[in-house]
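Read through the structure below, which is laid out as structure tokens, and then see the notes.
These numbers come from the heavy atoms of this one structure, side chains and all, not from hydrogens, waters or symmetry mates.
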Amino acid sequence: MHFRMIGDGEVELAGSWTIDRIMAIRAEWDRFSWPADKHLALRSGGDFRLDVSGAWLLRRLIQQLSQHYETLDSTVDDQNLLSYLDELDARPVAASKGRLFLGRHLHSLGEWVVKAWQGFLDWMAFVGEILVLLLYGIANLKHLRVKSVSRHIYTSGIQAIPIVALIAFLISVVLAYQGATQLRQFGADIYTVDLVVLSVLREMGVLLTAIMVAGRSGSAFAAEIGVMKINQEVDAISTMGMNPLEVLVLPRVIALIVALPLLTFIADLMGIAGAAVLTNMLLDIPLVQFVERVHGLIAGNMWMFWAGIIKAPVFAFLIAIVGTRRGMQVSTSAEKVGSFTTQAVVESIFLVILADALFSILFSRLGI
């Protein structure tokens with residue numbers, strides 16, 4: 001026993017208040033029936049013993065009790081130790097600027113690491129839930145919400161065809177012009193076709209398409225769901241007993257996985273068309289010869305075409321997940337819609353480029 005009632009409004013402190021007893025004293029402190037009077041007196045018993053850790057706990061106890069009693073009389077042994085602790089608490093911390101700078105930045109680094117790890121776990125939980133819903137939808141097609149998927153394929157895919165086709169055409173023209181200018185110095189003009197076709201089919205077609213879709217559809221996903229969060233439409237969906245992820249997120253993910261490979265195919269065609277126009281105008285390569293060259297390249301290595309197409313669904317999944325996740329994170333502030341929409345575009349483009357780099361390493365290892 002570390003607390004004993006010895007009279008009306010009088011409590012005796014007993015036992016060893018040492019570092020090894022701190023937890024037991026704290027638990028007994030919470031269980032003890034303190035007097036209901038307005039006045040309290042604390043006394044130390046004959047067996048009372050105190051060390052620095054116990055003194056810190058006793059000082060905290062006195063501070064807390066002084067808030068509940070009008071008067072608090074404390075007559076405890078080792079008052080000098082308690083006075084010393086009061087003096088330490090009031091004394092300004094003397095530390096060098098270098099130590100303060102290092103400590104502050106280490107603290108900030110630790111906070112960032114903890115937040116980054118927690119954010120990573122939240123992302124993994126979100127991705128896992130979407131994958132479970134996707135597998136469940138494949139097994140039960142009525143849960144796929146075909147009308148919603150079709151609408152998002154139209155807005156994310158079909159409506160994006162003009163801008164994707166134009167960008168692919170212009171980029172291939174730039175590649176063909178720059179390649180022809182350099183290869184002409186070595187009398188290797190014909191290899192301009194190889195350069196452009198390889199670049200467009202393997203990398204530029206799918207990468208540029210994914211970046212365009214990230215800026216167009218990824219931002220739209222974040223903004224649409226964000227506005228629904230502000231208008232409490234997401235809460236209304238939950239109230240009606242439906243899963244917001246199944247209603248809002250899954251159709252967008254499926255639609256983009258379907259639309260992006262098709263857009264990539266169109267970008268590849270327009271890229272080759274741009275190269276055909278440029279090489280015909282600049283290098284006088286007839287269209288028939290150009291087509292035969294392209295056919296020979298693709299027939300000799302079909303992975304040249306499929307390497308880009310395989311990347312498209314992965315890029316689409318990343319873009320859709322980031323856009324919808326950021327939209328679901330919007331709070332009740334309209335300002336957050338713009339902030340999370342910007343984050344969705346930046347993060348999705350970063351992940352697309354990172355995934356493309358990983359694909360390049362993988363394909364290189366596989367000899368593709």
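- The two atoms that bring H152 and F221 nearest to each other are ND1-CE2, 4.5 Å, heavy atoms only.
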Which atom pairs, donor and acceptor, lie under 3.5 Å between side-chain atoms of residues 360-368 and protein residues at least two apart or in another chain?
residue : atom : partner : partner atom : Å
S360    : OG   : E203    : OE2          : 3.4
S360    : OG   : D356    : O            : 3.0

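- For the atom pair OG1 of T341 and NZ of K336, the computed distance is 12.5 Å after rounding to the nearest 0.5 Å.
- Atom CZ in F305 sits 9.0 Å away from atom OG1 in T264 (nearest 0.5 Å).
- Residues R216 and Q159 approach most closely at NH2-CB, 3.2 Å, considering heavy atoms.
- Considering all non-hydrogen atoms of both residues, L256 and S156 come closest at CD1-CB, 3.8 Å.
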Does the side chain to side chain contact (heavy atoms under 4.5 Å, CB included) test come out yes or no for F290 and R293, once each step is laid out?
CA-CA 5 Å; F290 179 88; R293 185 75 179 179; 5.7 Å; no
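- A 4.5 Å side-chain heavy-atom check between L283 and R184 finds at least one atom pair inside the cut-off.
- Tracing side-chain contacts under 4.5 Å through hydrophobic residues (I, L, V, M, F, W, Y), one reaches F317 starting from L354; they form part of the same cluster.
- Within 6.0 Å of CZ in R26 there are more than 12 heavy atoms belonging to other residues, nucleotides or ligands.
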For a quick test of your reading: what N or O donor-acceptor pairs under 3.5 Å do the side chains of residues 167-182 make, sequence neighbours left out?
residue : atom : partner : partner atom : Å
S172    : OG   : A168    : O            : 3.3
S172    : OG   : F169    : O            : 2.7
S172    : OG   : G271    : O            : 2.9
T181    : OG1  : Y177    : O            : 2.7

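- Taking the ring centroids of W123 and F120, they lie at or beyond the 6.0 Å cut-off.
- The closest donor-acceptor contact from the side chain of N231 to the backbone of E233 lies at 3.5 Å or more, if one exists at all.
- By the neighbour-count criterion of 12 heavy atoms within 6.0 Å, atom CZ of F265 is sparsely surrounded, having that number or fewer from other residues, nucleotides or ligands.
- In terms of modelled atom types and a separation under 3.5 Å, the side chain of T279 and the main chain of A276 share a donor-acceptor contact.
- To the nearest 0.5 angstrom, I153 atom CD1 is 12.0 Å from L260 atom CG.
- The 12-atom threshold is not exceeded at CD1 of I19, counting heavy atoms of other residues, nucleotides or ligands nearer than 6.0 Å.
- To the nearest 0.5 Å, atoms CD1 (I319) and OG1 (T324) are separated by 11.5 Å.
- Within 6.0 Å of CE in M281 there are 12 or fewer heavy atoms belonging to other residues, nucleotides or ligands.
- Between atom CG of residue L248 and atom CE of residue M242 there is a gap of 9.0 Å, rounded to the nearest 0.5 Å.
- Grouping the Ile, Leu, Val, Met, Phe, Trp and Tyr side chains by contacts below 4.5 angstrom, directly or via other members, places L269 with L166.
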